[in-house]
J.: 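Let me give you the structure first, and then I'll get to my questions.
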Amino acid sequence: MTEARDMSDSLLDRLGRFLARRLHSANPGYEPYTPSDPETLSRTLQPGDILLVEGNQKVSAAIKYLTQSTWSHSALFVGAALKPDDESGDDYPQLVEVNLGEGCVAVPLSKYTRFNTRICRPVGLTPDDRTAVVSYMVERLGVRYDMKNIFDMLRYFFPTPPVPVRWRRRMIAFGSGDPTRAICSSMIAQAFQSVRYPILPEVTRAPGRQRADSDYSRREILHIRHHSLFAPRDFDLSPYFKVIKPTLEYGFDYKQLEWGPRKANETVGETEISTPAD
């Protein structure tokens with residue numbers, strides 16, 4: 001009986017890893033609008049910042065559809081916490097993330113050179129709490145997730161399931177198994193919860209306070225908070241995280257932009273402008 005169960009577990013493990021590899025295969029034709037420059041990101045990011053990524057994998061398409069968001073992945077910037085003593089270059093692991101099939105891993109910023117990204121910064125986070133959040137993630141490097149919950153992964157092979165909008169987000173909560181926690185941003189959320197830093201707004205009826213106007217919104221927020229099933233979108237929409245754009249951080253002056261020469265018969269808006277070609 002024990003041998004049979006061990007064989008079954010082994011087969012499930014193999015099937016789980018196979019499904020994870022298939023879900024991580026890239027969709028062809030992805031092109032970023034504004035590719036991320038690792039040097040600029042490294043100069044802009046601060047430890048404790050969250051980097052949101054618009055992925056191009058099969059599982060990315062499903063997450064973006066289910067959460068109605070551009071962002072399908074999130075990683076925490078840990079700065080020089082993992083920099084080797086003998087490392088002279090800049091291409092060392094500076095992000096800690098959780099991937100399906102891999103678990104918690106550290107990767108360099110160059111991994112996302114060819115992706116659209118967004119920086120979300122926790123506002124007012126104290127230096128001690130910032131250190132605690134980074135340490136929380138670093139200490140969990142190597143944590144792996146059980147891939148036996150096959151049904152928990154199969155949903156992501158249907159990137160656009162025909163379900164109403166209000167039910168799509170809850171499809172991420174389906175099963176609530178280890179693969180769910182591996183795909184969603186729950187470990188990063190737990191890192192911030194460990195220092196009692198909020199992500200989603202509190203649900204309250206106190207007069208004069210911001211609150212969700214509809215009963216559905218309040219139920220949805222409570223549902224997500226209760227199960228700790230956070231998605232990358234939650235950091236983007238959170239009222240407690242500031243969106244940081246690297247091009248604006250170091251003095252943007254549109255007057256300094258160098259535009260290419262205008263071509264003959266170039267259309268601007270609804271007007272066709274005829275100019276001599278240079």
Side-chain angles (χ1 to χ4, degrees), residues 41-53 63 67 69 71-83 92-99 102-109 112 117-145 169 172-173 176 178 180-204 206 209-212 217-218 220-246 249:
L41 281 178
S42 180
R43 183 176 59 173
T44 306
L45 284 161
Q46 298 178 5
D49 286 354
I50 295 173
L51 186 70
L52 303 182
V53 182
I63 292 175
T67 62
S69 172
W71 314 112
S72 62
H73 185 64
S74 58
L76 188 85
F77 183 73
V78 298
L82 298 173
K83 185 175 183 179
Y92 60 90
Q94 293 179 276
L95 298 172
V96 176
E97 60 185 18
V98 180
N99 294 323
E102 292 182 295
C104 188
V105 297
V107 299
L109 287 170
Y112 296 116
T117 59
R118 169 166 290 175
I119 299 172
C120 294
R121 177 167 298 162
V123 176
L125 191 65
T126 66
D128 289 343
D129 285 346
R130 187 182 305 276
T131 300
V133 168
V134 169
S135 298
Y136 185 99
M137 295 296 291
V138 171
E139 290 169 2
R140 280 154 183 78
L141 285 172
V143 171
R144 301 184 67 84
Y145 289 92
R169 174 59 183 265
I172 289 185
S176 298
D178 283 325
T180 297
R181 294 201 298 272
I183 292 174
C184 298
S185 306
S186 63
M187 183 175 285
I188 296 177
Q190 289 165 6
F192 282 96
Q193 288 176 340
S194 70
V195 297
R196 301 184 65 81
Y197 191 91
I199 298 171
L200 291 176
E202 59 181 319
V203 181
T204 176
R209 300 284 297 278
Q210 277 191 333
R211 63 184 178 87
S217 297
R218 287 191 291 271
E220 191 70 2
I221 291 172
L222 285 171
H223 172 80
I224 298 169
R225 289 180 63 178
H226 175 70
H227 292 283
S228 296
L229 295 178
F230 289 90
R233 175 193 186 190
D234 297 325
F235 298 106
D236 187 17
L237 299 182
S238 170
Y240 313 114
F241 284 77
K242 181 181 180 181
V243 174
I244 305 296
K245 297 191 175 183
E249 286 298 293

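For reference, positions follow the sequence shown, starting with 1.
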J.: If you round to the nearest 0.5 Å, how far is CD of Glu97 from CD of Glu102?
T.: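 Those atoms lie 7.5 Å apart.
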J.: So Ser74 and Leu52, do their side chains get closer than 4.5 Å, heavy atoms only?
T.: yes
J.: Nearest heavy-atom pair of Ala132 and Val195: which atoms, and what distance?
T.: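 Closest pair (atom of Ala132, atom of Val195, distance): CB-CG1, 3.7 Å.
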J.: Sequence neighbours left out, cut at 3.5 Å: what donor-acceptor pairs do the side chains of residues 118-127 make with other protein atoms?
T.:
unit_1	atom_1	unit_2	atom_2	d
Arg118	NH1	Asp236	OD1	2.9
Arg118	NH1	Asp236	OD2	3.0
Arg121	NE	Asp49	OD1	3.1
Arg121	NE	Asp49	OD2	3.0
Arg121	NH2	Thr44	O	2.8
Arg121	NH2	Asp49	OD2	2.8
Thr126	OG1	Asp129	N	3.2
Thr126	OG1	Asp129	OD2	3.3

J.: Listed by chain and number, what are the ring pair (Phe, Tyr, Trp, His ring centres under 6.0 Å) partners of Phe192, not counting sequence neighbours?
T.: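 Phe192: ring pair (Phe, Tyr, Trp, His ring centres under 6.0 Å) contacts with Tyr197, Phe241.
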J.: Between Val53, Leu51, Thr117, Val98, which is the residue that forms a side chain to side chain contact (heavy atoms under 4.5 Å, CB included) with His73?
T.: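 Passing option: Val53.
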J.: Restricting to non-hydrogen atoms, name the atom on Tyr92 and the atom on Gly79 that form the minimum distance, rounded to 0.1 Å.
T.: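 Nearest heavy atoms, Tyr92 then Gly79: CE1-O, 3.7 Å.
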J.: Going from OG on Ser185 to CH2 on Trp71, what distance comes out if it is rounded to the nearest 0.5 angstrom?
T.: 13.0 Å
J.: Output the distance between atom CG (Leu41) and atom CD1 (Ile244), rounded to the nearest 0.5 Å.
T.: 12.5 Å
J.: What pairs with Tyr136 under ring pair (Phe, Tyr, Trp, His ring centres under 6.0 Å), at least two apart in sequence or on another chain?
T.: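 For Tyr136 there are no ring pair (Phe, Tyr, Trp, His ring centres under 6.0 Å) partners, ignoring immediate neighbours.
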J.: Quick one: closest heavy-atom pair of Val134 and Leu76, and the distance?
T.: CA-CD2, 4.2 Å
J.: Flag the pair Phe235 / Ile199 as yes when at least one side-chain heavy-atom distance between them is below 4.5 Å, and no otherwise.
T.: yes
J.: What's the spacing between Tyr112 OH and Leu95 CG if we round to 0.5 Å?
T.: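 One finds 7.0 Å between OH of Tyr112 and CG of Leu95.
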J.: With a 4.5 Å limit on heavy-atom distance, are the side chains of Phe77 and Gln46 in contact?
T.: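 Heavy-atom side-chain distance check fails, nothing below 4.5 Å.
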J.: Which atom names give the shortest non-hydrogen contact between Arg130 and Pro47, and what distance separates them?
T.: NH1-O, 2.7 Å
J.: Measuring from atom CG of Asp234 to atom CD1 of Ile188, what distance do you get when rounded to the nearest 0.5 angstrom?
T.: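 Interatomic distance, Asp234 CG to Ile188 CD1, rounded to 0.5 Å: 11.5 Å.
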